Chemist: 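So that we are looking at the same thing, I have put the structure below in structure tokens.
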Amino acid sequence: SEELAYRHVVSLFGGAATHTEENDTGGAIGLSYAYKLNHQWAIGLKVEYASSRLERDFVILPGVAFEPVERVEFALGFGLEQVSRDETDHGETHTVEESEALLRLTFAYAFPLRSNVFLSPEFNADITKSQVTYVYGLVLSVGL
């Protein structure tokens with residue numbers, strides 16, 4: 001078992017989120033931290049914000065990532081989604097706040113830019129009790 005070059009990874013995500021129920025797409029941005037347990041496993045935390053025409057989502061996800069082969073990553077996260085949605089009732093618009101448990105399934109492939117810097121296309125499926133949201137984009141990761 002070869003020693004790891006770095007254990008800490010900080011990442012910045014930029015992309016889009018599509019709510020499948022309403023077919024509504026908006027921008028998404030996120031920040032994450034991961035601690036590599038070994039060459040295949042890591043644990044971490046992701047904070048993400050997505051905004052679209054219909055709603056604004058704030059997500060906090062602790063999770064675990066598995067790299068079965070070099071540069072291919074699968075991840076599983078459980079967390080909380082805070083949703084702000086504008087609704088119109090009798091001609092008046094008001095904001096409704098909701099919180100839901102969230103399961104996130106992730107697939108990513110890392111392209112090395114340098115020995116500790118990677119650019120990864122990432123695809124996520126966020127599953128809650130009320131809807132499925134696809135979150136996709138690019139992740140810039142730096143190993144420390």
Side-chain angles (χ1 to χ4, degrees), residues 1-88 93-144:
S1 74
E2 182 180 316
E3 187 175 326
L4 293 171
Y6 53 86
R7 287 212 181 259
H8 308 276
V9 180
V10 177
S11 301
L12 179 64
F13 169 83
T18 300
H19 304 287
T20 58
E21 298 293 314
E22 299 94 9
N23 198 23
D24 182 39
T25 300
I29 188 165
L31 184 63
S32 62
Y33 166 78
Y35 179 78
K36 294 180 71 78
L37 300 170
N38 57 39
H39 287 286
Q40 290 186 308
W41 292 94
I43 57 173
L45 181 70
K46 182 176 279 195
V47 177
E48 193 172 271
Y49 176 76
S51 181
S52 66
R53 177 175 51 83
L54 298 178
E55 67 182 50
R56 294 154 308 281
D57 302 338
F58 181 72
V59 174
I60 298 175
L61 288 166
V64 60
F66 176 64
E67 194 173 313
V69 295
E70 189 175 1
R71 298 191 295 203
V72 174
E73 180 180 280
F74 296 99
L76 177 68
F78 292 101
L80 184 67
E81 176 183 48
Q82 177 71 39
V83 177
S84 297
R85 180 179 297 125
D86 294 332
E87 292 185 357
T88 303
T93 301
H94 58 282
T95 301
V96 175
E97 301 281 337
E98 300 173 352
S99 292
E100 285 190 289
L102 173 82
L103 167 68
R104 173 172 280 189
L105 306 173
T106 299
F107 172 77
Y109 185 85
F111 292 97
L113 301 178
R114 292 195 317 204
S115 64
N116 66 329
V117 179
F118 298 89
L119 186 64
S120 306
E122 182 178 276
F123 179 80
N124 304 284
D126 289 355
I127 304 164
T128 66
K129 185 173 65 172
S130 63
Q131 70 179 354
V132 174
T133 301
Y134 296 128
V135 183
Y136 44 91
L138 292 175
V139 180
L140 180 64
S141 300
V142 178
L144 306 171

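When reading the values below, keep in mind they use all heavy atoms of this one structure, side chains included, and skip hydrogens, waters and symmetry mates. Computed from a prediction, not measured in an experiment: that's the story for all the values here.
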Chemist: I'd like to check the side chain to side chain donor-acceptor pair (under 3.5 Å) partners of Ser120; sequence neighbours left out, ordered by chain and number.
Modeler: none

Chemist: For a quick check under 3.5 Å, do Glu55 and Gln131 share a side-chain donor-acceptor pair by atom type?
Modeler: yes

Chemist: Which value, rounded to the nearest 0.5 Å, describes the distance between Thr106 atom OG1 and Leu61 atom CG?
Modeler: 8.0 Å

Chemist: Would you call Thr95 and Arg56 a side-chain contact if the rule is heavy atoms closer than 4.5 Å?
Modeler: yes

Chemist: Looking at the rings of Phe118 and Phe111, which for Trp means the six-membered one, are their centres under 6.0 Å apart?
Modeler: no

Chemist: Go through it in stages, so that I can follow the logic: the residues are Leu105 and Phe123, the test is side-chain contact (heavy atoms from CB on, under 4.5 Å), and I'd like the CA-CA distance, side-chain angles, deciding distance and then a yes or no.
Modeler: CA-CA 8 Å; Leu105 306 173; Phe123 179 80; over 6 Å; no

Chemist: Are there over 12 heavy-atom neighbours, none belonging to Glu97, within less than 6.0 Å of that residue's CD?
Modeler: yes

Chemist: Given side-chain contact (heavy atoms from CB on, under 4.5 Å), test Phe78 with Leu76 step by step and report yes or no.
Modeler: CA-CA 7 Å; Phe78 292 101; Leu76 177 68; 3.9 Å; yes

Chemist: Between Thr18 and Tyr136, is the side-chain contact (heavy atoms from CB on, under 4.5 Å) condition met? List the steps.
Modeler: CA-CA 9 Å; Thr18 300; Tyr136 44 91; 2.7 Å; yes

Chemist: What I'd like to find out is whether the side chain of Tyr49 reaches to under 4.5 Å of the side chain of Ser51, using heavy atoms alone.
Modeler: yes

Chemist: Do any N or O atoms from the side chain of Thr20 and from the backbone of Val132 form a donor-acceptor pair under 3.5 angstrom?
Modeler: yes

Chemist: Tell me, do Phe58 and Val47 make a side-chain contact under 4.5 Å, heavy atoms counted?
Modeler: yes

Chemist: Phe107 vs Phe74 aromatic rings, parallel, tilted or perpendicular, using cut-offs 30° and 60°?
Modeler: tilted

Chemist: I want to check something: taking the side chain as every heavy atom from C-beta on, are Arg104 and Glu48 in contact at a cut-off of under 4.5 Å?
Modeler: yes

Chemist: Checking Arg71 side chain against Tyr109 main chain: does a donor-acceptor pair fall under 3.5 Å?
Modeler: no

Chemist: Could you tell me if the side chain of Phe13 sits less than 4.5 Å from the side chain of Val139, heavy atoms only?
Modeler: yes

Chemist: Is the side chain of Asp126 donor-acceptor paired with the backbone N or O of Thr133 at a distance under 3.5 Å, no angle test?
Modeler: no

Chemist: How many angstroms lie between CD in Glu73 and CD in Glu67, if you round to the nearest 0.5 Å?
Modeler: 6.5 Å

Chemist: Just so I know, are the side chains of Pro121 and Leu138 near enough to count as touching, which here means a heavy-atom distance under 4.5 Å?
Modeler: yes

